[in-house]
**Q** 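The following block contains the structure, expressed as C-alpha cells.
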Amino acid sequence: MAWNPGRYNLQKLGRELTTQMPELLRGLPQLWGGLTGQNRLSLATRLAFQIRSARLMGCPVCLELFPRIAPRAGLDAAAVQRALQGEVGGLTPAVAGAVAWADAVVTNDGAAPELVPGPAMALSAAQREHLLFVARFELVVHAAGLMF
C-alpha cells in the first residue's frame, strides 16, 4: 500500500506547523551538518532525497524542477527514475541511502523511524539528521504551497 500525504488544506498546514516547528527550531544546528565539514552531503545525494520526497508529497513543481537539475549534479536519467520510484539498486551508496531515508522519514510524517533502513546506514548520523531537518521543513512548505 502506497503512502498518501492526505489532502493539503488549512487543517493539514496547522498540523504540520504544530508538529514540525518545534523540531525545526531545535534542529537548526543539523541544517549545517549536511552542508559543511566531514558530514557534507554531495549535491547528487541531496537532490536524490529531494526527488524522492517530491514524489512522496506529490508536488508537481518539485517533480518538474529537481529531475531537470539532477544531470548537472551527476544523476543520470536512470538514477532519477530510481529515486522517483524509491528503488535503491544501482545507485551509489550515499544516493541510495538518501532515497531510503526519504522514504523512511517522509512516510513517518517527519519523524525519525525506530530503525534506520539498511541503505541509509551509508550516511552518517549527522547526515541523516540534516536530511531529517530538510524533510520536516519540506513538509511545512508543501503543506502551505500545495493547498493552492
Side-chain angles (χ1 to χ4, degrees), residues 1-6 8 12-13 15-17 19-146:
M1 181 174 163
W3 178 76
N4 183 341
Y8 288 99
K12 181 172 180 69
L13 175 59
R15 277 193 317 268
E16 291 297 346
L17 286 170
T19 303
Q20 305 304 339
M21 288 310 289
E23 296 297 327
L24 287 171
L25 293 173
R26 276 192 293 273
L28 274 175
Q30 282 84 20
L31 176 62
W32 300 114
L35 299 173
T36 61
Q38 69 181 19
N39 290 306
R40 183 180 181 276
L41 289 164
S42 71
L43 183 55
T45 302
R46 287 194 308 270
L47 273 172
F49 183 85
Q50 299 283 66
I51 288 167
R52 184 62 186 148
S53 297
R55 171 58 64 88
L56 291 168
M57 290 184 220
C59 179
V61 174
C62 293
L63 286 169
E64 184 68 28
L65 177 68
F66 291 129
R68 288 179 184 255
I69 297 170
R72 294 186 183 124
L75 291 175
D76 62 18
V80 169
Q81 285 306 309
R82 286 184 183 103
L84 283 167
Q85 298 306 317
E87 298 170 5
V88 297
L91 299 173
T92 66
V95 170
V99 170
W101 192 238
D103 267 318
V105 299
V106 172
T107 60
N108 202 27
D109 294 320
E114 289 186 33
L115 298 173
V116 176
M121 293 301 289
L123 303 171
S124 71
Q127 289 171 328
R128 290 191 305 271
E129 284 294 319
H130 168 79
L131 293 174
L132 180 60
F133 181 92
V134 171
R136 289 173 171 155
F137 182 74
E138 286 181 352
L139 286 165
V140 172
V141 169
H142 286 88
L146 293 177

**Q** If you look at every heavy atom in Ala70 and Ile51, which pair is closest and at what distance?
**A** CB-CD1, 4.1 Å

**Q** Partners of Glu64 by salt bridge (charged side-chain N to carboxylate O under 4.0 Å, His left out), sequence neighbours excluded?
**A**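 Applying salt bridge (charged side-chain N to carboxylate O under 4.0 Å, His left out) to Glu64 gives Arg68.
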
**Q** Backbone N or O of Ser124 within a donor-acceptor pair of the Gln127 side chain at under 3.5 Å?
**A** yes

**Q** Restricting to non-hydrogen atoms, name the atom on Thr107 and the atom on Ala104 that form the minimum distance, rounded to 0.1 Å.
**A** OG1-O, 3.6 Å

**Q** What's the spacing between Leu115 CG and Met121 CE if we round to 0.5 Å?
**A**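 Reported to 0.5 Å precision, the distance equals 10.0 Å.
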
**Q** Search all heavy atoms of Leu47 against all heavy atoms of Ala73 and return the closest pair with its distance.
**A**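 For Leu47 and Ala73, the tightest heavy-atom pair comes out as CD1-CB, 3.4 Å.
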
**Q** Taking salt bridge (charged side-chain N to carboxylate O under 4.0 Å, His left out) as the test, write out the residues that go with Arg128, two or more places apart.
**A** none

**Q** In the structure I gave you, are the side-chain heavy atoms of Leu75 and Val95 within less than 4.5 Å of one another anywhere?
**A** yes

**Q** Within the side chain of Arg52, is there an N or O that forms a donor-acceptor pair under 3.5 Å with the backbone of Leu84?
**A**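 Side chain of Arg52 to backbone of Leu84: a pair is present.
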
**Q** Using side-chain heavy atoms (C-beta onward) and a distance below 4.5 Å, is Leu123 in contact with Val116?
**A**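 A side-chain contact under 4.5 Å is absent here.
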
**Q** So, for Ala96 and Val88, which heavy atoms are closest and what is the spacing to 0.1 Å?
**A**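 What the structure gives for the nearest pair is O-CG1, 3.4 Å.
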
**Q** For Pro67 versus Val80, what's the shortest heavy-atom pair and its separation?
**A** CB-CG1, 3.8 Å

**Q** When you measure from the side chain of Asp76 to the backbone N and O of Ala78, does any donor-acceptor pair fall under 3.5 Å?
**A**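 A pair under 3.5 Å: yes.
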
**Q** Looking only at atom types and distance, does a side-chain atom of Arg82 sit under 3.5 Å from a main-chain N or O of Leu91, one as donor and one as acceptor?
**A** no

**Q** Among Arg55, Met57, His142, which residue satisfies the side-chain contact (heavy atoms from CB on, under 4.5 Å) criterion with Cys62?
**A**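 Testing each of Arg55, Met57, His142 against Cys62, the sole residue satisfying side-chain contact (heavy atoms from CB on, under 4.5 Å) is His142.
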
**Q** Under 3.5 Å, is there a donor-acceptor pair between the side chain of Ser53 and the main chain of Phe49?
**A**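 Judged by distance alone, yes, a pair lies under 3.5 Å.
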
**Q** Taking all non-hydrogen atoms of both residues, which atom of Val105 and which atom of Ala135 are closest, and how far apart?
**A**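 Closest approach of Val105 to Ala135, heavy atoms only: CG2-CB, 3.6 Å.
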
**Q** Side-chain contact, heavy-atom cut-off 4.5 Å: Pro119 with Trp101?
**A**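 Of all side-chain heavy-atom pairs linking Trp101 with Pro119, none is under 4.5 Å.
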
